[in-house]
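As the structure is a prediction and not an experimental result, all values here were calculated from the model. Numbers restart at 1 for each chain; the letters A, B, ... are given by sequence-line order, proteins then strands.
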There are 2 protein chains.
Amino acid sequence: MNQSGQKSEAILDAALPVFVRHGFRKTSMADIARAARMSRAALYLSFSSKEELFRAGSARAHARAMRKVEAALAGDGDVFSRIETAIAAFQRELVAPFAGSGDAAELFETNMALARDVTLAARAELVALLAQALTNAQATGAITLDALRATPADVAAIIVAAMEGIKDAQVAGHDLLEDTRLFLRLLRKALSR
Amino acid sequence: MNQSGQKSEAILDAALPVFVRHGFRKTSMADIARAARMSRAALYLSFSSKEELFRAGSARAHARAMRKVEAALAGDGDVFSRIETAIAAFQRELVAPFAGSGDAAELFETNMALARDVTLAARAELVALLAQALTNAQATGAITLDALRATPADVAAIIVAAMEGIKDAQVAGHDLLEDTRLFLRLLRKALSR
DNA sequence: GACGATTAGACAATATTCGTCTATCTGTCT
DNA sequence: AGACAGATAGACGAATATTGTCTAATCGTC
């Protein structure tokens, strides 16, 4: 990685806990500069605006999350446990860090406003990866979708949609891990032959 | 308590965690109003400004703390354990709630700027109460101050000054409880006959 | 309906923040 | 030494946010 890239990484590392602590709106560039131990002007050498800085942070988090998801789906175990691990990784990277924030809702909202494309792309890739895993499992006879009259892509989309809903409910007080595990038990039962 | 007093109490209850979370500067009256589930205008029915609201909160916290301190000094045990309990109560009421705030330094600074009188008065009362306890202990022969060539008031002032220093060190990363206990062991040793 | 408390919303006066710019400083390279 | 790139403090106008005040409308209780 080049020097400016390293600097950008350091800035994002410093900015994340500040955003988590105060939310996007209440976080000023001065706050981020202080956390990154550099001048406010230096931030603008790496990012052209507070919004672009946030976008870069979101993009990096999504890229990291997708690498973890790919690793999980390529791992050991049956298709359900691989999916469970993948989803856990996705949530650990993109939901859990903000869950205790108090401004979690504002941060997710800001993310959809400023980094909608990145977010939707990652979500689409997650659907595609899950669909591929389900297709493989179907080919080996590990699962059956016949009774559901659904394609692997349909099921993958439902899984991701449910994760989104569970994330939102968690902001409203529900327990993320518990709700996720319940949904995956439900999935296992529905797809077992 | 009258109705407006109850309303004020409810506002301060709601405002405290907001101040702890975001510090004084980053907390807006809109934030407090939202936390107290009332309109921003209603806050001004109870308090004439954000600064006065903070002052009232500080005054209430100090009053509560002093009640706990008096109860502790009137309790059981030898003079050292009563003093230890009293100081623990003082810190639990006035330091610990802000210790994890990240903006703890800013809050203490704001407190000295806006509620200096209340704070100094409470500190003075704490010194007086400790001095009285030491005087009584001296009269019963439980402690001796002869070798120190100091009055009870002198020793009480030193104790409170040390507590302040330990509080400041704690903001800088030291452990409040541990440092306090060490100081009190030191005190016990120095005053035992 | 009368009454007091509360609200949403508008308002001017401040205060804060953003993004930009300049002058200055600090290393590094030659 | 001088040239150079990166960083800094500080100032700046413009855009936003916040404060404290006010009014008109609403709510709940008598």
What does the list of N/O pairs under 3.5 Å between the protein and nucleotides 28-30 of chain D look like, with a distance for each?
none

Next on the checklist: Side-chain heavy atoms nearer than 4.5 Å, only ILVMFWY residues, links allowed to pass through others: does that put A:Leu187 and A:Leu148 together?
Outcome noted: yes
Salt-bridge criterion met for [X] and [Y] (N-O under 4.0 Å):
X	Y	value
B:Lys68	B:Glu93	yes
A:Glu9	A:Arg60	yes
B:Asp175	B:Arg181	no

Would you kindly give the [atom1]-to-[atom2] distance between [X] and [N], to the nearest whole Å?
X	N	atom1	atom2	answer
B:Lys7	C:dT7	NZ	P	7 Å
A:Arg25	D:dT18	CZ	C1'	9 Å
A:Phe54	C:dC18	CZ	P	14 Å
A:Phe24	D:dA17	CZ	C1'	14 Å
B:Phe47	D:dT18	CZ	P	21 Å
A:Leu53	C:dT17	CG	P	16 Å
B:Arg37	C:dA5	CZ	P	23 Å
B:Asp31	D:dT19	CG	P	8 Å

Checklist outcome for this item: Interatomic distance, CD@B:Gln91 vs CD1@B:Ile166, rounded to 0.5 Å, equals 7.0 Å
Next on the checklist: Looking at every non-hydrogen atom in both residues, tell me the closest pair between B:Val20 and B:Ser101 and how far apart they are.
Outcome noted: O-OG, 2.6 Å
Item to check | Test log, rule side-chain contact (heavy atoms from CB on, under 4.5 Å), inputs B:Asp31 and A:Lys26 | outcome: CA-CA 11 Å; B:Asp31 292 333; A:Lys26 273 191 187 298; 2.7 Å; yes
Next on the checklist: On the nucleotide C:dT17, are OP1 or OP2 found under 4.0 Å from the side-chain N or O atoms that A:Lys26 carries?
Outcome noted: no
Next on the checklist: By nearest heavy atom, map A:Leu43 and B:Thr27 onto DNA chain D; which one lands nearer the 5' end?
Outcome noted: A:Leu43
Item to check | Contact state string [nucleotides 19-25 of chain C, B base, S sugar-phosphate only, - no protein heavy atom under 4.0 Å] | outcome: BBB----
Item to check | Residue A:Ala42, side-chain atoms from C-beta onward, closest of C:dT6, D:dT8, D:dT19 | outcome: D:dT8
Checklist entry - Is there a side-chain contact (heavy atoms from CB on, under 4.5 Å) between B:Asp179 and B:Gln170 once you walk through the steps? => result CA-CA 9 Å; B:Asp179 286 3; B:Gln170 168 256 187; over 6 Å; no
Next on the checklist: Does the Lys NZ or Arg CZ of A:Lys167 fall within the cation-pi geometry relative to A:Phe98 - under 6.0 Å from the ring centre and within 45° of the axis?
Outcome noted: no
